[in-house]
Amino acid sequence: MSQMLIPNTVTEACQMLSSGNRVACAGATNLYVDREKGKYLDRDIVSLHRLKELSGIREEKDGWHIGSLTTFDLIEDAFRGQGAMDALAEAASLVGGPQIRNIGTIGGNTCNGVTSADSASTLHAWDAIVEITGPEGVRRLPIHDFYIKAGKVDLRPGELQTAIIIPKEAYEGYFGHYIKYAMRNAMDIATTGCSVNVKLSEDKKTILDARIAYGVAGPVPMRAPSAEAKIRGKETGRAAVKEFAQAVLEDINPRDSWRAAKDFREHIATVLAERALCESIRLAGGEVHE
């Protein structure tokens, strides 16, 4: 029978995860569902709830540091109305219901490895860095390298995700918007999620840079570099926006599932790209002209 282990420090948690058949647990919103389905029943649970140092948000010289145990309600409160960072507040507000957001953590959301995680596309659009602590010390890697395949991330034995870092150069001067499309208006897994960040010229008429990322457009969260290259340097016109939206089809690879067919997801992806870019331009002080 499995047992619950409760470390008091990150070092102790890593030691526990290094030995035996064990799994880390933060808010447990996914773990207990998985156990109801018969998964992890033979594994000891390493509860991280005492590691208060892994919860919190702070801005440092290199950017925002978000502790992996920071809950979604805290993220929404911290970033709502904060320019580019508001996109993460939008994503956080759409995770499950109030009870889930009160205990669910951004670390658990990303370590689960699912492409539908609401935080994943926003973090990819910011070139977020994942901080991982383990027996060999601390390592950092880009979030697109952290996701290996559906349901699997780059965590080695004894390692623990301790923070997510959003580099300053990825958000300074940018404004962003996140849109989640789901079959229901509340408490549903995303059929497709789309996050766009944009930086405009000083006169607000030219797109200097744009980043777009998706959830559920492939086996892992992903960027659409073809669309980003297509819009860069273009004026904020409707034709350029539509060209940008169509270009995402060169990069994404959604699948057929019981939730939605591949062609429907492709259609939704282009619609969300257009809407998210238009809103990001508006938030940046620009206007999409005909």
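One N or O on the side chain of Thr115 and one on the backbone of Gly218 form a donor-acceptor pair closer than 3.5 Å. Looking at Arg139, its side chain never comes within 3.5 Å of a backbone N or O of Ile132 through a donor-acceptor pair. A donor-acceptor pair under 3.5 Å links the side-chain atoms of Asp44 to the main chain of Gln3, judged by distance alone. Proximity of a side-chain donor or acceptor of Thr236 to a complementary backbone N or O of Thr206 within less than 3.5 Å is not detected. Between the side chain of Ser93 and the backbone N or O of Glu90 there is at least one donor-acceptor pair closer than 3.5 Å. No donor-acceptor distance shorter than 3.5 angstrom exists from the side chain of Lys204 to the backbone of Leu200, with no hydrogens or angles considered. Here the side chain of Asp154 pairs no donor or acceptor atom with the backbone of Phe146 at under 3.5 angstrom. A side-chain donor-acceptor contact under 3.5 Å links Tyr214 to the backbone of Ala269. Looking at Ser68, its side chain does come within 3.5 Å of a backbone N or O of Gln161 through a donor-acceptor pair. Between the side chain of Thr70 and the backbone N or O of Ser55 there is no donor-acceptor pair closer than 3.5 Å.
One finds no salt bridge joining Arg156 and Glu136 here, because no Lys/Arg side-chain nitrogen approaches an Asp/Glu carboxylate oxygen to under 4.0 Å. Arg275 and Glu279 are not joined by a salt bridge, as no carboxylate oxygen comes within less than 4.0 angstrom of a charged side-chain nitrogen.
Minimum interatomic distance between Ala150 and Val220 (heavy atoms only, all atoms of both residues): N-CG1, 4.0 Å. Nearest approach of Ile129 to Pro142, heavy atoms of both residues: CD1-CA, 4.0 Å. When all heavy atoms are compared, the tightest approach of Thr105 to Gly108 is OG1-N, 3.0 Å. Here the closest heavy-atom approach between residue Leu51 and residue Leu69 is recorded as O-CD1, 3.6 Å. Here the closest heavy-atom approach between residue Val288 and residue Gly237 is recorded as CG1-C, 4.0 Å. In this structure, Glu266 and Pro254 approach most closely via the heavy-atom pair CG-CG, 3.6 Å.
Within the model, atoms NE2 of His289 and CZ of Arg238 stand 10.0 Å from one another, a figure rounded to the nearest 0.5 Å. To the nearest 0.5 Å, atom OG1 of residue Thr71 and atom CG of residue Asn109 are 12.0 Å apart. Here the CZ-CD1 distance, from Phe79 to Ile166, works out to 6.0 Å after rounding to the nearest 0.5 Å. Here CG of Asn102 is found 12.5 Å from CZ of Phe72. Values are rounded to the nearest 0.5 Å. Rounding to the nearest 0.5 Å places NE2 of His124 at 10.0 Å from OG of Ser119. In this structure, NE2 in His65 is found 12.0 Å from CD1 in Ile164, a value given to the nearest 0.5 Å.
In this structure, Arg232 and Asp209 have side chains that are in contact, with non-hydrogen atoms separated by less than 4.5 Å. The closest side-chain heavy-atom distance from Asp118 to Tyr178 is below 4.5 Å. Looking at heavy atoms from C-beta onward, Arg211 lies in side-chain contact with Asp127 at the 4.5 angstrom threshold. When side chains are defined from C-beta on, Trp64 does not count as touching Trp126, because their heavy atoms never get closer than 4.5 Å. In this structure, the side chains of Asn197 and Tyr171 stay at 4.5 Å or more apart for every pair of heavy atoms. With contacts defined as side-chain heavy-atom distances shorter than 4.5 Å, the pair Arg265/Thr191 qualifies. Between His177 and Val196 there is no side-chain heavy-atom pair separated by less than 4.5 Å. A 4.5 Å side-chain heavy-atom check between Glu159 and Leu17 finds every atom pair outside the cut-off.
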- Message: Does Glu228 form a side-chain contact (heavy atoms from CB on, under 4.5 Å) with Arg223? I'd like the steps, not just the answer.
- Response: CA-CA 9 Å; Glu228 295 174 356; Arg223 291 273 286 274; 2.6 Å; yes
- For the pair Thr110 and Val153, evaluate side-chain contact (heavy atoms from CB on, under 4.5 Å) and give the outcome as yes or no after the intermediate values. CA-CA 8 Å; Thr110 51; Val153 295; over 6 Å; no
- Stepwise side-chain contact (heavy atoms from CB on, under 4.5 Å) check, Glu274 with Lys242: CA-CA 6 Å; Glu274 185 173 343; Lys242 289 187 176 295; 3.1 Å; yes
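Atom CD of Glu202 is surrounded by 12 or fewer heavy atoms from other residues, nucleotides or ligands within 6.0 Å. Within a 6.0 Å radius of NZ in Lys168, other residues, nucleotides and ligands contribute more than 12 heavy atoms. Within a 6.0 Å sphere centred on CD of Glu235, other residues, nucleotides and ligands contribute 12 heavy atoms or fewer.
Each of Ile106 and Leu74 belongs to its own hydrophobic cluster when Ile, Leu, Val, Met, Phe, Trp and Tyr are linked at side-chain heavy-atom distances under 4.5 angstrom. Both Ile57 and Leu123 sit in one connected hydrophobic cluster of ILVMFWY residues. Membership requires side-chain heavy atoms under 4.5 Å apart, directly or through other members. Under the 4.5 Å side-chain contact rule for hydrophobic residues, Val46 and Leu160 share a cluster. No chain of hydrophobic side-chain contacts below 4.5 Å, direct or via other Ile, Leu, Val, Met, Phe, Trp or Tyr residues, connects Met85 to Phe175. Transitive grouping of hydrophobic side chains (ILVMFWY, heavy atoms separated by less than 4.5 Å) keeps Met16 and Ile6 in distinct clusters.
With 3.5 Å as the limit, one finds no donor-acceptor pair spanning the side chains of Ser47 and Arg50.
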